[in-house]
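Take a look at the structure below.
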Amino acid sequence: MSVGTRTIPGVRVALVVTADGGGVLCPLAEDGSAVGPVLRVPDAVAAVRERERADRPRWVWASTAETYPKLLAAGVRVDRCHDVELTEALLCGHAGRWGEPRGLGAALARLRGWPVPPDPPARTKELQPTLFETGEAALPGGVDPLEALVEVHAEQQRRIGGVALPGRFRLLVAAESAGALIAVEMGATGLPWRADVHDALLVEMLGSRSAAGAPPRRLGELAERISQAFGDHRMHPDSPAEVLRAFAKAGFKLSSTRSWVLREVDHPAVPLLLEYKELYRIHVAHGWSWLASWVHSGRFRPEYVAGGVVSGRWATRGGGALQIPRKVRGAVIADAGWKLVVADASQLEPRVLAAMAADHRLAAAAGDGDLYAALAADAFDGDRARAKLGMLGALYGQTSGGIGPLLATLRQRFPAAMNYVEHAAQLGESGALVRSHLGRTCPPASVSVSLEGSEPAFETAATDDRKALSAARARGRFTRNFVVQATAAEWALAMLASLRATLRELGEAELVFFQHDEVIVHCVEGNAERVVTAVHDAAVTATRLLFGDTPVRFPLAATIVDCYADAK
DNA sequence: AGACGTTGCGCC
DNA sequence: AAAGGGCGCAACGTCT
C-alpha cells in the first residue's frame, strides 16, 4: 500500500493518530514551520512504517506514551521523536513554572491565552483502551489536533532557541524523547524472567508455601520463635507497633524498629526479628503474588515512566522494577542460545561532578578504574571505604557521622568539584533554582523558605528560626544533589539512546532493563562481544555529547552472563 | 470504606 | 549535638 509519504520533504513529521486508526501527517522544517501539505491517511501505522523506512524523520507527536505503544504493537519502531508533552514540562520547568499542566491542550491554551485545562489522568497499562486515542478529548472543541500540534511544536522550538544554552537544551529534549521511546519499547519487550527459578528461590529462602492466607513455613516458624523469645507473648513481627510494645514489656524503650536500632539491642528476639524482616520483605514485595501479577510468558513487563522523577530519572508504575532485590536476580536468565550483557557505569555521579565542575585534578585522580580506590590512594591513605563515604557525603550533603575530616580533605584536594556542589547548595538555601548540565531545572521549594524577616517577638520565634534554617539546609542538600543526579540521568539517557541505535543495526539484541546507571541487553550468543563493544562506544558517545573533550573517563563495566545474579 | 500520611525497607 | 539525595511498595494508623 502506498500512501505517498516518500515524496514529502521535511526533517520532521507531525503525526496525529485518530480514533479509527487513521493518521494526519504534516512535514515540518527544523523550526517547526510546515513545509508540505497536510496528508490524511486511512492507516497511520502503515504510513509511519513507510515513511520510517524511507528516511527516518523525527516524529513530532503529543505524547510518546500515548501513541507509540500502538505503533509498536503493530511492529513499527521509529528512530527519533519529539515528545511535546515531555518537552513542555522541561520548558516550563526552565522558565520557573514547574508543575504546570504539560499536555498538548494545556500548552495550546497557554499559547493562545485561554484558560489552561488540567492534564488528563495518566493511563496505566491495564486501562489501555483498545482504540487509538490522540488526546483530542483534552483539546477544546473545534480545535484541529494537527493544527494544535504544529503550532505548539513551533512555539516550543522557538522557546528552546531562547534558553540560555539552546544547544544543550536541544540535546536534553532529544534525549528525553529518545528515553520515552525506549521506555515504551522496554516495557513491551520485558525482562527475561524464569518463574520456575524464582519459585525455587522463594522456597529455598521462605520454605514451602502454606495454605492460602497462612505465611510460608519458615516465616511462620520464625514468628513462633520470636513470640517465644518474648515469653510466649503472641505478636505479629511485621507490625512495628506490636514489636515496640513487646520490647517495652521486656524493658527496652526503642525509638523505632528500624534494623540498625534493633541491632544495638541485646535481646534474644533481635536476630530472629532481623531475619524475619528480611524474609518478610521478599515475601510481600517479590514473592509468589508478585510473580503471579507481573511475570507472564517468561517476561517481567513493568511500565517505565520516562521523566517520572524530577531529576530526570525514570520511575515505574507497578512491579517495583527499579528495586529488584539482589536475592531474586537469579530468576533473570537469558533464553537458550542468548546471553545477557549487564553493564553499569562505575561511580557515575562523582565522574559527572568532575566533568561538570571541570575539576581536572579529580578527573586525573579518578582515571578509568575504581574511582574510590584511586581517591583513597590519592588522599585517604588507601582507605577506600572512607574515600567513598566522603565523596557520597559531598554529593548528598551529609555532615554527620564524623565525615567532617573527609570532606575537608576532599575540599583541599579537589576544590573545583567541592566548590561546585557547595555553590549549588548555597543557591538552594537562598531560594534560587539550579539546573543540570543540559538545563533540566529543579522544582521550586514547595514551602517558601525565608531566612530574613522573622520577628523575634515571642518565644516561638527561635523555634521558627530553627525550623526555617533546617528547611533551608534540606533545600540546599536537595539542590546540591539535583545538579549531579540530574546530569547523571542525562548522561545515562544519552548513552542508552546511542546504544539503542547500535543495537538496531546489529539485530537480535534488545534492551531489556535500565536502572539509573545500569543497563541489560538480551542478545544472541554470537552477538554478545559486539554488544559489549557497543556499550563501551555508547559511553564514549554520551560523554562527548554532554561534555565535549573532557578528560573525565566514564568507564562502563560490561559482563556477559546467563544470569543477572552472576553479574558483578 | 476510602483517602491520606507514616513507617520501614528494597534499589540507585 | 546534629543536619543523607532520589524513588516504589506494603502494611499500618488516622481521619473523613
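Every chain is numbered from 1 and lettered A, B, ... according to where its sequence line falls, protein lines coming before strand lines.
The P atoms of B:dT7 and C:dA3 are separated by 15 Å, rounded to the nearest whole Å. Comparing the C1' positions of B:dG8 and C:dA2 gives a spacing of 22 Å, expressed to the nearest Å.
One finds a side-chain N or O of A:S259 lying less than 4.0 angstrom from the OP1 or OP2 phosphate oxygen of B:dC9. One finds a side-chain N or O of A:S400 lying less than 4.0 angstrom from the OP1 or OP2 phosphate oxygen of C:dG4. The side chain of A:K277 places no N or O atom within less than 4.0 Å of a non-bridging phosphate oxygen (OP1 or OP2) of B:dG8. Regarding contacts with the backbone of B:dG10, every side-chain N or O of A:R281 stays at 4.0 angstrom or more from both OP1 and OP2. The phosphate of C:dG6 has neither OP1 nor OP2 within less than 4.0 Å of any side-chain N or O from A:S311. Proximity of A:T399 to the phosphate of C:dG4: a side-chain N or O atom is located under 4.0 Å from OP1 or OP2.
Side-chain proximity of A:N481 to the nucleotides C:dG4, C:dG6, B:dG8 is greatest for C:dG6. Considering only side-chain atoms of A:P325, the nucleotide from B:dC9, C:dG13, B:dG10 that sits closest is B:dG10. For A:R473, the side-chain atoms get nearest to C:dA3 when compared with the rest of C:dG6, B:dC11, C:dA3. Comparing C:dG13, C:dA11, C:dG4 against the side chain of A:A241 picks out C:dG13 as the nearest. Nearest to the side-chain atoms of A:V284 among the listed nucleotides C:dA10, B:dC11, C:dA3 stands C:dA10.
Among the heavy atoms of the strands, none lies under 4.0 Å from A:D344. No engagement by A:R480 is indicated, since no non-hydrogen atom pair under 4.0 Å with the nucleic acid exists. Using a 4.0 Å heavy-atom criterion, one finds that A:F514 contacts no nucleic acid atom at all. Residue A:G319 is classed as a sugar-phosphate contact, given heavy-atom separations below 4.0 Å to backbone atoms only. Looking at heavy-atom distances under 4.0 Å, A:I324 makes contact with sugar-phosphate atoms alone, never a base. Within the nucleic acid shown, A:V484 has no heavy atom closer than 4.0 Å to any nucleic acid atom. Counting non-hydrogen atoms under 4.0 angstrom, A:A315 reaches the backbone sugars and phosphates but no base. Within the 4.0 angstrom heavy-atom criterion, only backbone atoms of the sugar-phosphate kind lie near A:Q515; the bases stay farther away. Within 4.0 Å of A:G318, counting heavy atoms only, lie sugar-phosphate atoms of the nucleic acid but no base atom.
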Would you sort out whether A:E510 and A:T189 count as a side-chain hydrogen bond (donor to acceptor under 3.5 Å, both in side chains), showing the intermediate values?
CA-CA 8 Å; A:E510 51 193 13; A:T189 304; 4.6 Å; no

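Residue-nucleotide stacking is present for A:Y396 and C:dG5, judged by a side-chain ring centre under 5.5 Å from the six-membered base ring centre and planes under 30° apart.
A straight line from CG of A:L469 to P of C:dA1 spans 18 Å, rounded to a whole angstrom. For the pair A:E349 CD and B:dC12 P, the computed distance is 12 Å after rounding to whole Å.
With sequence neighbours excluded, the residues satisfying side chain to side chain donor-acceptor pair (under 3.5 Å) with A:R168 are A:H437.
Taking the six-membered ring where the residue is Trp, the centroids of A:W193 and A:F513 are separated by 6.0 Å or more. Ring pair A:F230/A:H267: centre-to-centre distance below 6.0 Å.
Taking the side chain as every heavy atom from C-beta outward, A:L90 and A:F169 approach each other to under 4.5 Å. For the pair A:R351 and A:P555, the minimum side-chain heavy-atom distance is below 4.5 Å.
A:H423 NE2: 12 or fewer foreign heavy atoms inside a 6.0 Å radius.
Between the side chain of A:R313 and the base of B:dC12, a donor-acceptor pair under 3.5 Å is found. For a distance-only test at 3.5 Å, the side chain of A:Q323 qualifies as a donor-acceptor partner of the base of C:dG8.
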